[in-house]
Amino acid sequence: MSSKEKLEALIKDQGELVRKLKGAKESKQKIDNEVAKLLELKSQLSCENGEVQKFTLKTAKGTRDFSPQQMAIRETVFEKIISVFKRHGAETIDTPIFELKEVLTGKYGEDSKLIYDLKDQGGEILSLRYDLTVPFARYLAMNKITNIKRYHIAKVYRRDNPSITRGRYREFYQCDFDIAGAYDPMIPDAECVRVVQEILESLDIGSFVIKLNHRALLDGMFEACGVPPEKFRSICSAVDKLDKSPWADVRKEMIEEKGLTDEVADKIGQYVQMSGKHELVEKLLADANLTKVRAAVEGLEAMKLVLNYCDLLGVKDKAVFDLSLARGLDYYTGIIYEAVLLGEPVAEDMAGSVGSIAGGGRYDNLVGMFDAKHKQVPCVGVSIGIERIFAVIEAKLLAGTSKVRTTAVEVYVASAQKNLLEERMKVCKELWNEGIKAEQSYKKNPKLLAQLQHCEEYGIPLAIILGESEIQKGVVKLRNVVTRNEVEVPRGKLVDEIKKHLQPVYSNGST
């Protein structure tokens, strides 16, 4: 029997086995394992027949590649965000992209269905991290840390329905800032709001507002309206959709899917359509229906305090008390906030679609879930919706005429005549030794025009031009690529002269 005939027989037997397992309704994992074996056998048969497997070259759904232009934008944005985090005294950590599944289970409410589960890895049931907050809480509990101010920028994974124009992906970055530790009420919470304001203003992506609410107030409001306690979380998830759906749709979900009566849903509707500032807090503190519920009063007093601190920290114009803000994640225990862009969209396909660009809140009980003695470490933090911010910035750049630099090269070493490769290499070595970012052509005898066009295309501010007569005189020509002005510089003073020319380039921001 030939090797091809053996493979065909194995494929037939394996196919029979798969059909039997499906007929016996065996576990999905067992069936998937045997199907994988069948596909591997078929792949071997294709190779045996000399066939080339055909497949479509594409990125997986909800993921994407990034061009040099996009990466240049991302690096600039990350630098600005990190500078704000560091300004507020944060240090950074990192955690694995996958966690034990039991670490993530039960922390995200209805969103738990979006967690990516992995196959059994030698007895460990793993999942890709859904956010950076739960891994942070696990890190604190595991290392017995009770006080830290940290930032973390890394990729997370969600089995969501992707929407590229809205900046919603299945693999994306999160930028988190968190303050862990037992402190006086609302002081770190207000600073988180200030951090969001500083970041969004530094990125210059348009006008925005930072909505604030309190989980205790939401629970107190639900209780006052007649929602059964066991439905608080599911109703909270419904209210959380108000930023994307009209009240009529949310009301319908509460009644038809969550089982509320029309009367209870309408009472909730009267509250969740309110927003304001200090005056709204005072109005609600005078509401007899709310003030008879202790949780509601606690939430309102906390809102009064945090709004006062926000005023002192210079966030008065951006912070708004909004009762429609819910944030559906189960682990929030206190203040919650969300930043939303205002004004006209920067592109037609983004109209009304970018949504929240930052969000967070207080989660005092999450660390205790991982501690054997349930020791609590109070935490509050914020996550910047970096992919949505990138979507806005990229759309702005596409709508404009400005060009993005994709390299940081400061000087291009060019030659005006043939056989000067070794001289170019000597100059490059000298510049690199002094920490100057430089490059040259990888051709022995490139044309001068092509070298200068390369400088213009990549936005390189300076060019050194070498010629035989200049080498004999011990000088080089230093060319400003933008103005095309050239000056002769002695070789011994070249580095100092380059640094002198680069200073005004940096100060006007053209690099």
Side-chain angles (χ1 to χ4, degrees), residues 58-88 90-95 97 128-133 135 150-158 160 162-178 195-206 208 339-341 345-347 349-350 353-360 381-410 437 457-460 506 509-511:
K58 62 186 286 291
T59 57
K61 188 177 180 182
T63 67
R64 62 170 177 163
D65 296 322
F66 297 100
S67 68
Q69 290 79 10
Q70 290 170 319
M71 286 306 299
I73 295 168
R74 294 169 85 85
E75 284 184 348
T76 301
V77 170
F78 282 141
E79 285 171 7
K80 290 181 178 179
I81 291 173
I82 289 171
S83 71
V84 174
F85 290 158
K86 289 185 174 180
R87 187 184 307 147
H88 287 263
E91 50 194 341
T92 190
I93 68 166
D94 196 11
T95 62
I97 67 164
L128 295 179
R129 63 186 172 202
Y130 177 89
D131 67 2
L132 301 179
T133 306
R150 81 88 168 88
Y151 73 90
H152 189 185
I153 298 178
K155 286 183 176 180
V156 299
Y157 301 85
R158 297 182 185 178
D160 204 350
S163 174
I164 305 304
T165 57
R166 299 184 184 188
R168 185 190 300 145
Y169 301 91
R170 288 179 169 175
E171 176 193 61
F172 58 94
Y173 273 98
Q174 279 193 339
C175 301
D176 281 19
F177 173 90
D178 293 83
V195 165
V196 174
Q197 176 183 285
E198 287 184 26
I199 287 171
L200 297 183
E201 287 181 346
S202 72
L203 297 176
D204 191 28
I205 55 174
F208 61 91
V340 180
L341 276 183
V346 293
D349 61 355
M350 295 182 69
S353 64
V354 174
S356 168
I357 50 171
V382 66
S383 180
I384 307 300
I386 195 69
E387 301 296 347
R388 292 179 177 182
I389 288 173
F390 287 140
V392 173
I393 293 174
E394 287 174 12
K396 274 188 172 184
L397 288 171
L398 285 172
T401 56
S402 58
K403 190 174 179 180
V404 178
R405 277 206 70 188
T406 57
T407 77
V409 175
E410 298 162 323
K437 304 177 184 71
E457 182 181 351
Y458 286 90
I460 300 170
Y506 287 134
S510 61
T511 62

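Please read all numbers here as calculations on a predicted model, not as lab measurements.
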Open item on the list: Distance alone, cut at 3.5 Å: any donor-acceptor contact between the side chains of S383 and D176?
Closed with: yes
- [ ] Compute both the distance and the angle, then confirm whether R74 meets the cation-pi test with F66: under 6.0 Å from the six-membered ring centre, within 45 degrees of the axis.
- [x] yes
Task: S67 side, atom OG; I73 side, atom CD1 - distance, nearest 0.5 Å - done: 7.5 Å
Open item on the list: Both conditions, 6.0 Å and 45 degrees, for the charged tip of R129 above the ring of Y157: are they met here?
Closed with: no
Task: Non-hydrogen atoms of P135 and T95 that approach each other most closely - done: CB-OG1, 3.7 Å
Task: Heavy-atom pair of closest approach, residues L203 and V77 - done: CD2-CG1, 3.8 Å
- [ ] Using a 4.5 Å cut-off on heavy atoms from C-beta on, say whether the side chain of K80 contacts that of I199.
- [x] no
Task: Check: V409 main-chain N/O paired with R405 side-chain donor or acceptor under 3.5 Å - done: yes
Open item on the list: Return the CG to CD distance between D65 and Q70, rounded to the nearest 0.5 Å.
Closed with: 9.0 Å
TODO: Go through the steps to decide whether R150 and F85 satisfy the test side-chain contact (heavy atoms from CB on, under 4.5 Å), and finish with yes or no.
DONE: CA-CA 8 Å; R150 81 88 168 88; F85 290 158; over 6 Å; no
Open item on the list: Within this structure, what is the CD1-OG1 distance for the pair I82 and T92, rounded to the nearest 0.5 Å?
Closed with: 7.5 Å
Open item on the list: Please confirm whether the ring centroid of Y173 lies under 6.0 Å from the ring centroid of F78.
Closed with: yes
TODO: Taking all non-hydrogen atoms of both residues into account, name the closest pair between K437 and A408 and its distance.
DONE: CD-O, 3.0 Å
- [ ] Kindly indicate, with the supporting measurements, whether the criterion side-chain contact (heavy atoms from CB on, under 4.5 Å) is fulfilled by D94 and H152.
- [x] CA-CA 6 Å; D94 196 11; H152 189 185; 2.9 Å; yes
- [ ] List the atom of G62, the atom of P162, and the distance in Å for their closest heavy-atom pair.
- [x] CA-CB, 3.7 Å
TODO: State, to 0.1 Å, how close G206 and L341 come at their nearest heavy-atom pair, and which atoms those are.
DONE: O-CD2, 4.2 Å
TODO: Establish, yes or no, whether a centroid distance under 6.0 Å links the rings of F177 and Y151.
DONE: no
Task: Carboxylate-amine/guanidinium proximity below 4.0 Å for E198 and K86 - done: no
TODO: State whether a side-chain donor-acceptor pair under 3.5 Å links R388 with S356.
DONE: no
TODO: Begin from the C-alpha positions of T406 and Y458 and carry the test side-chain contact (heavy atoms from CB on, under 4.5 Å) through to its verdict.
DONE: CA-CA 7 Å; T406 57; Y458 286 90; 3.9 Å; yes
TODO: Find the distance between CD1 (I81) and OG1 (T76) and round it off to the nearest 0.5 Å.
DONE: 11.0 Å
Task: Pair K155 + E171, salt bridge at N-O below 4.0 Å - done: yes
Open item on the list: Please check: side-chain N/O of R158 versus main-chain N/O of Y130, any donor-acceptor pairing under 3.5 Å?
Closed with: yes
Task: Worked check of side-chain contact (heavy atoms from CB on, under 4.5 Å) between I389 and I384 - done: CA-CA 9 Å; I389 288 173; I384 307 300; 3.5 Å; yes
Open item on the list: As an exercise, state the distance from CD1 of I357 to CG of L200, rounded to the nearest 0.5 Å.
Closed with: 4.5 Å
